[in-house]
Amino acid sequence: MLTKNHHKRKYFRAKVSLHHRSSLSQWSPMFKQSTQGWQSGGIHSWWLSHPDCRVASLGLNKIQYYSTSGTSKDDPPKTASGDIKGNVLGDTAKNTSSVRAVLKKRDYGAKYTQNNFITAVRAMNEFCLKPSDLEQLRKIRRRSPHDDTEAFTVFLRSDVEAKALDVWGSLEALARERNLRKEVEREYQENIFRNQQLLKEYKDFWGNTKPRSGKRTPFLQGPGKVVMVAICINGLNFFFKLLAWVYTGSASMFSEAIHSLADTCNQALLALGISQSVRNPDAVHPYGFSNMRYIASLISGVGIFMMGAGLSWYHGIMGLLHPEPIESLLWAYCILAGSLVSEGATLLVAINEIRRSAHQQGVTFFDYVLQSRDPSTNVVLLEDAAAVLGVILAAGSMGLTSLTGNPTYDSLGSLGVGTLLGAVSAFLIYTNTEALLGRSIQPERVQKLTEFLESDPAVRGIHDVKATDIGLSKVRFKAEVDFDGRVVTRSYLEKQDIDQILNDIQQVKTTEELEIFMLKHGENIIDTLGAEVDRLEKELKQRNPEVRHVDLEIL
């Protein structure tokens, strides 16, 4: 058995040696024909179907290392197999070199601003240039990011920087001019402030004769009207309740007087919040001042808890610890009856306003209150409801005191009014805090906005949708949009001359010309994508008036 294996190994070595010494021209056509199937995967089937060549190839790989002469072991062997490999991979190397020529990597550096656009205002402010300095620069028309303005002219930042160096001579001179202009600007702002103070003093001395604006104030309708009615009624109630407490010394009447005072102060705070909430947005507050109503309502809730509930509890506890006889309660009953009527009238005004607003927004009365859609009306509603219940509670406790002669019932009535005010204040604090944190709108409304975007042909999908109520039923909508590049490109091509584009493609002969062609149309397609984003934002606002701010991010 050993002899047979030994002869078999000698046979393979002899066969390998013959293949190595013989000319490769005998089997190179077969190899070349087989290598044509490399691209389609045929090399594997050829390799498995030729066992003799497989052995010869393995033998060649072993012999290459020992048969090389005049070279070191680390150098690549100069054998027939190396030439074959070069022939096989020659076309692939050529293709790789051509791809690298087209996809030439650009080194832009850590801060690259050569292709940045800059407006004329920024060019004059940041580089201390005059309008005449910009006349000779290249002008580029770009689409406006705003819906109500047309395209505007911009300049290349590199051109502006070069012009600034030409005008000022050096960067140091430009920096000195900037500092000088900043100092002049600071002095100008100081002069404006000084002149405003002088004008104010002049108006205070002579009277302001500026004609009144014809625009209606926010206190003649809606929540403002409800708040003003509540201020007047609660102010009168506080005055009469205070007189009744001085006359009778009732702890429940004192709690009711404090209750009316707290309501008056809080509603005055609400009026201030309403007046601030209608201010127009500015650079410091780009989303406006609508949240001022929630802030005023939150402070109002804290005031009710501290001033109304706290004093009522304190007076009730002191009445339990040191009970005192109560004088005649006839006048107190009369004042409580008048307060019940007035507070009930204010409550009805608030209920009607909330019903009207809830009907307009398509929600129920209780959902409107629980979600604090209009915090100012909410506060009036809850305060007047608590006032009506407080009057009933105070009248009942005073009646028990009159029947039994025990002042403890009156003190318990004061504690009951304080507990009622504490519950109202806790609800107001919670709902307004939730609103200020930024609550999402109802899922049905989010689904409606999402379906509108998904039904557009240019949109493939919508992700990471956030629809937040920023106050007074104004919505800020944000979403990541996956655009269909084919639809956007087709939208661009529909506005172009296809024959001219085909002619331009046929004129392309070099990689540099191809790069210029692709860069030109690539930039135009990006502009088309921006126009599609503007179109979607505009249509979304038109179909949903409550959506005031739309942020669509391209995915």
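All residue numbers refer to positions in the sequence shown, counting from 1.
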Any donor and acceptor pair, going by atom type alone, linking the side chain of Arg293 with main-chain N or O of Ser277 inside 3.5 Å? no
What do the steps show when you test Lys139 against Phe155 for side-chain contact (heavy atoms from CB on, under 4.5 Å), and what is the final call? CA-CA 5 Å; Lys139 300 178 179 63; Phe155 304 90; 3.7 Å; yes
Can you confirm whether Phe239 is buried at CZ, in the sense that more than 12 heavy atoms of other residues, nucleotides or ligands lie under 6.0 Å from that atom? no
Taking every heavy atom of Ile299 against every heavy atom of Leu269, the minimum-distance pair comes out as CG2-CD2, 3.3 Å
When you compare the side chains of Arg194 and Asn191, does any donor N or O come within less than 3.5 Å of an acceptor on the partner? yes
Which heavy atom of Ala296 sits nearest a heavy atom of Gly273, and at what distance? CB-CA, 3.9 Å
Here the gap from Asn195 atom CG to Leu199 atom CG, rounded to the nearest 0.5 Å, amounts to 8.5 Å
Working note: Glu523 + Arg142, criterion salt bridge (Lys or Arg N to Asp or Glu O under 4.0 Å); need CA distance, chi angles, decisive distance, verdict. CA-CA 12 Å; Glu523 183 177 11; Arg142 303 295 294 175; 3.5 Å; yes
Could you check whether atom NZ of Lys478 has more than 12 heavy atoms from other residues, nucleotides or ligands sitting under 6.0 Å from it? yes
For the backbone of Phe427 and the side chain of Thr431, can you confirm whether one donor and one acceptor N or O come within less than 3.5 Å of each other? yes
Are Glu537 and Lys541 within salt-bridge range, i.e. N to O under 4.0 Å? no
Check this for me, if you would: do Arg543 and Glu539 make a salt bridge, where the nitrogen-to-carboxylate-oxygen distance has to be below 4.0 angstrom? no
Compute both the distance and the angle, then confirm whether Arg122 meets the cation-pi test with Phe127: under 6.0 Å from the six-membered ring centre, within 45 degrees of the axis. no
Could you state the interatomic distance from NZ (Lys182) to CZ (Arg178), rounded to the nearest 0.5 Å? 8.0 Å
Which value, rounded to the nearest 0.5 Å, describes the distance between Ile118 atom CD1 and Ile140 atom CD1? 12.0 Å
Any donor-acceptor pair under 3.5 Å linking the side chain of Thr401 with the backbone of Asp410? yes
After noting the C-alpha distance and the side-chain angles of Arg356 and His359, does the key distance pass the side-chain contact (heavy atoms from CB on, under 4.5 Å) rule? CA-CA 5 Å; Arg356 185 185 63 81; His359 178 71; 5.9 Å; no
Dump the intermediate steps for side-chain contact (heavy atoms from CB on, under 4.5 Å) on Asp456 and Leu536, then the final yes or no. CA-CA 9 Å; Asp456 193 274; Leu536 288 177; 3.5 Å; yes
Atom CZ of Phe289: over 12 foreign heavy atoms under 6.0 Å: yes
Can you confirm whether Leu436 sits close enough to Leu298 that some side-chain heavy atom of one is under 4.5 Å from a side-chain heavy atom of the other? yes
All heavy atoms of Gly416 vs all of Leu393, minimum pair found to be C-CD2, 3.4 Å
Got more than 12 heavy atoms from elsewhere within 6.0 Å of CZ, Arg486? no
Heavy atoms of Leu420 and Ala386 approach each other most closely as CD2-O, 3.2 Å
For residues Ser342 and Asn237, determine if any side-chain heavy atom of one lies less than 4.5 Å from a side-chain heavy atom of the other. yes
Test item: side-chain donor near acceptor, Ser440 and Asp469, under 3.5 Å: no
Ignoring hydrogens, what is the shortest heavy-atom contact between Cys128 and Glu177? Give both atom names and the distance. SG-CG, 3.6 Å
Side chains of Tyr492 and Val488, heavy atoms from C-beta outward: is any pair under 4.5 Å? no
Is the shortest heavy-atom distance from the side chain of Leu270 to the side chain of Ser297 under 4.5 Å? yes
Short side-chain to backbone donor-acceptor contact, Ser455 and Phe452, under 3.5 Å: yes
Answer yes or no: does atom OH of Tyr430 have more than 12 heavy-atom neighbours from other residues, nucleotides or ligands under 6.0 Å? no
Verdict with reasoning, Arg490 to Glu494, per salt bridge (Lys or Arg N to Asp or Glu O under 4.0 Å): CA-CA 6 Å; Arg490 187 176 291 110; Glu494 289 174 353; 5.6 Å; no
Any chance you could measure Ile317, atom CD1, to Leu320, atom CG, to the nearest 0.5 Å? 7.5 Å
Considering all heavy atoms, the nearest Thr404-Leu400 contact: OG1-O, 2.7 Å
So, using salt bridge (charged side-chain N to carboxylate O under 4.0 Å, His left out) as the criterion, who are the partners of Glu185 when residues are at least two apart? none
His463 and Leu555, any side-chain heavy atoms less than 4.5 Å apart: yes
Would you compute the distance between atom OH of Tyr314 and atom OG of Ser414 and round it to the nearest 0.5 angstrom? 11.5 Å
Looking at Phe305, I'd like to know if its CZ atom is crowded, meaning that more than 12 non-hydrogen atoms belonging to other residues, nucleotides or ligands lie closer than 6.0 Å. no
Atom CZ of Arg535 with >12 non-hydrogen neighbours under 6.0 angstrom: yes
Given the rule in the side-chain contact (heavy atoms from CB on, under 4.5 Å) test, do Val459 and Asp482 qualify, once you have shown the distances and angles that lead to the verdict? CA-CA 6 Å; Val459 177; Asp482 185 5; over 6 Å; no
Do Gln189 and Arg186 have a side chain donor and acceptor closer than 3.5 Å? no
Please list all pairs passing the side chain to side chain donor-acceptor pair (under 3.5 Å) test where one or both residues lie in residues 544-555, with sequence neighbours left out. Arg476-Asp551
Is it true that a side-chain atom of Asn432 and a backbone atom of Ile429 form a donor plus acceptor pair closer than 3.5 Å? no
What residues, two or more places apart in sequence or in another chain, satisfy side chain to side chain donor-acceptor pair (under 3.5 Å) together with Tyr409? none
